[in-house]
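Since we're looking at a predicted model, the values are computed, not measured. We number each residue from 1, following the sequence as shown.
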Amino acid sequence: IEEGMLPFVTGLLAKKAAAPPPVPAAIKKLYSEDSVRAFAALAKISFCGPLPGIYAAVAETCTDNEGVVSDCTGAQFKVMPGFVRTIDDSDLGIPDSIFGIIAKIEPTSETSDIKSGAIISIRGSVDNNGNSIRDKETTLVDGLEGCKGCKVHQGYHESYNKFEASLQMQLEGIGCQPGACTIYVTGHGSGASVASLVAWELSEVGYTIGTSYIFAPPKMGDSTFSEKMNKKFAATGSDHGVIFSVSHGKDSLVRWPFDANFASWGIQAYYADDSATKATQICYSGSSDCSVWQYTKEELSSVDTCDCPVAPDHGFCNFIGFEAQCYGGWSHNTVSDFKKMYPELWNESAGVQQPDDMAAANWYPAEGDGEQAKALAKSNNDAAAAQSTMKSGAKTTPAPAMSTNSVDNAAKQASSQVAAEYYNLNTLKAFAALAKLSYCGASSGVVKAIQATCSTNQGLCADAGFGVVPNTVVSQGVEYESQLTQPYYMAETLYFFTALIRRTNSTYAAAPYFMPSEACVLVFRGTNNLQNTDMNKDVTMVPLNDPDCKGCEASNGTLNAWIEALEAPVMAALKTSGCSPTAAKETSQNVFIAGHSMGGTMATLAMYMLRKKGFNVQLSWSMEGGRPGNMALMSYLNNKAFPQRKVPFWQTTHLNDMIPRTGESALSQNSSKLFGRDEYEVHFNNSDATKHVLCTDDDEASSRCGIYQ
């Protein structure tokens, strides 16, 4: 039994049972493969959101038309046209964050299990920051009507409170009154959990809840809540129908939150894989041999959250015919039939595509449990083993056979092999694209450009395994020494942007990506005006007075710009995007930093500054940037600041580019400026991006690699 899970079955609190008894045959008989597919279709169509076709699409999903069999035909019920309503509310300042469907339904046969009433479909989390914050608000709180001692997920409870009054009004509007109207609920992901709250609350005001199906619901509350939900919606002899929770594969969301204070409830209908045509198991949630509980937490994945063999097109996250359904009001079956009959007329890519902030989120907080940490630990262990093997070989080889140079070369080769695990061209292209967009400045289109470049579904960032969360981009111009731009006056001499990004799946946690589940990006613009040029020339070294970074000094121009102009707005922007230097459930401590030219110089200094404030600085990119400080500072950044990975950050360089070597380093015979060097360099000798050299020399003085050749 999972931590914190005390299954309550058939009204009995089995505190000491090793496992609950089998699900009674009477309950298993209630499960209908036809009904689960109908409910899945209505759960999925909610991801249209408040688009013009939603009303017709809901009605057509459950109404037979000439030549088209509806998704609800087998379940023997239909939606009454003209009696479809929606719930559409903003949350945390983001429009349409809460969305749901209410439809009046009627049985189409005397043998139907569905009674006259209404079905409520609550949309699950979409890719916006409002839903993200609600997902992560996992504090257990009181306040559930008629559930004494119950504690529930704070974020989902607050979401329900936002639309409770609207829900009651819409039910009355379609003539659905307590005692005379049976309520059915459905939803996917967080929508499934909120739907279970809807069922509880409506049952408390006199509605009867009919046998329903929810899909991949996260845990909703504590053991008291679990006990009472089971007595009401998972037991024989109840006045209400059973609410079946449908799960699939190794879905991590069903077991999330992994907090011992949360408990699972209900009856699982489990489908082992995409090819399953009927439920593999019907069992009690939390049983060690039931559904996803038969796997260790490490074996779970969010990849299976989207997929489901009973959903249209076998999934909730992929919409075939989004424009036809959500704008045109077609059902999934109508789209499928049209594609078969007129393949020459169907062009999916030519139609309106589903926006990222309306699609079912393919990331969940369950992704955040250690995938990147495991990948980094494996890389570090492999590197240690390789170095140990190399040293062992050197000790056992006779001295004449292995010269000092041979040992040095072997060490460099081992170091280069380790560094190669941290580089891939897709990631560089993604961050280079973001760095280039910074030259748009605070223009009106830059936010949309960033979002379009970093879609989770396609493009450069998707190829690198991440995407920007809609509504999290902060574009910020900063006034600083603006008078120096005369005669070409520019008020906002500095520019940066921040955004929240998410890994698309756990595959990208491993080498060579090492993507965390969630992070912010911070991107600085490069030299753009006369103030920037003067700032770059102010290379007097200023002590940082940091006992952890002994002897560290930074370039006066770059340092002053950070302290006087950038630090406060950068911190505020990161907070707005969803990142904080202190650990919290609703925010991330992870931050990637990037920039080109002067932006790369500032990015390198920001790595030091934000790490000191408590951020977990990720594998970042200075693209043809300068060095912000002396040998001590650069050595600290390269060798001490980021011990969790073998490559602290990458400097990218190109043939004959002088900026990464301006001003002269302490290793130059004529230098009085004493700049340090970047030790980890991706160098391109020509314009073929597939041909690169990784420079990882620890001995800066002897380096002849890359830009130092």
Side-chain angles (χ1 to χ4, degrees), residues 34-66 68-89 96 98-108 112 114-124 126 163 166-167 169-176 181-189 191-192 194-195 198 210 212-215 310-313 316 319-338 352 354 358-360:
D34 288 323
S35 294
V36 73
R37 284 163 171 77
F39 278 63
L42 290 167
K44 183 169 181 175
I45 203 68
S46 69
F47 286 100
C48 281
L51 291 179
I54 185 64
Y55 300 97
V58 172
E60 190 167 301
T61 294
C62 282
T63 304
D64 287 344
N65 288 318
E66 185 176 350
V68 179
V69 177
S70 83
D71 287 291
C72 302
T73 298
Q76 299 181 326
F77 73 92
K78 64 181 179 180
V79 166
M80 301 301 292
F83 289 88
V84 178
R85 303 289 184 268
T86 60
I87 301 163
D88 182 17
D89 282 301
D96 307 322
I98 296 171
F99 185 78
I101 299 162
I102 304 162
K104 188 172 183 179
I105 59 175
E106 295 289 343
T108 56
S112 175
I114 303 296
K115 298 178 181 179
S116 178
I119 188 165
I120 300 168
S121 175
I122 306 297
R123 185 184 66 185
V126 294
F163 70 82
S166 175
L167 173 65
M169 181 179 68
Q170 299 287 20
L171 286 172
E172 291 175 6
I174 61 172
C176 190
C181 179
T182 302
I183 298 292
Y184 299 86
V185 297
T186 191
H188 172 258
V194 176
V198 170
S212 300
Y213 304 84
I214 57 178
F215 302 88
V310 300
D313 300 312
F316 289 97
F319 244 105
I320 306 299
F322 173 77
E323 180 181 17
Q325 292 186 70
C326 302
Y327 285 92
W330 289 15
S331 70
H332 164 262
N333 285 354
T334 302
V335 170
S336 297
D337 286 354
F338 185 89
V352 175
Q354 188 174 22
M358 294 178 67

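E60 places a side-chain N or O within donor-acceptor distance of the main-chain N or O of S331, the cut-off being under 3.5 Å. In terms of modelled atom types and a separation under 3.5 Å, the side chain of K44 and the main chain of P312 share a donor-acceptor contact. Of the possible polar contacts, none joining the E323 side chain to the Y327 backbone as a donor-acceptor pair under 3.5 Å is found.
Taking the side-chain hydrogen bond (donor to acceptor under 3.5 Å, both in side chains) definition, one finds that S112 meets it with nothing, sequence neighbours left out. The ring-ring contact (aromatic ring centres under 6.0 Å, His included) check on F163 picks up Y160, with sequence neighbours excluded.
No donor-acceptor contact under 3.5 angstrom links the side chains of T108 and Q76, judged on distance only.
Here the closest heavy-atom approach between residue A118 and residue I105 is recorded as N-CG1, 4.1 Å. A38 and A75 make their closest contact through CB-CB, 4.1 Å (heavy atoms, listed as atom of the first residue, atom of the second, distance).
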Does the pair F77 and Y184 meet the rule for a side chain to side chain contact (heavy atoms under 4.5 Å, CB included), with working shown? CA-CA 12 Å; F77 73 92; Y184 299 86; over 6 Å; no

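No close placement of the F47 and F319 rings is indicated, their centers lying 6.0 Å or farther apart.
Applying the side chain to side chain donor-acceptor pair (under 3.5 Å) test to every pair with at least one member in residues 77-89, sequence neighbours left out, gives these pairs: Y55-T86.
For the pairing with C62, the side chain to side chain contact (heavy atoms under 4.5 Å, CB included) check across D71, L42, I45 returns one residue only, L42.
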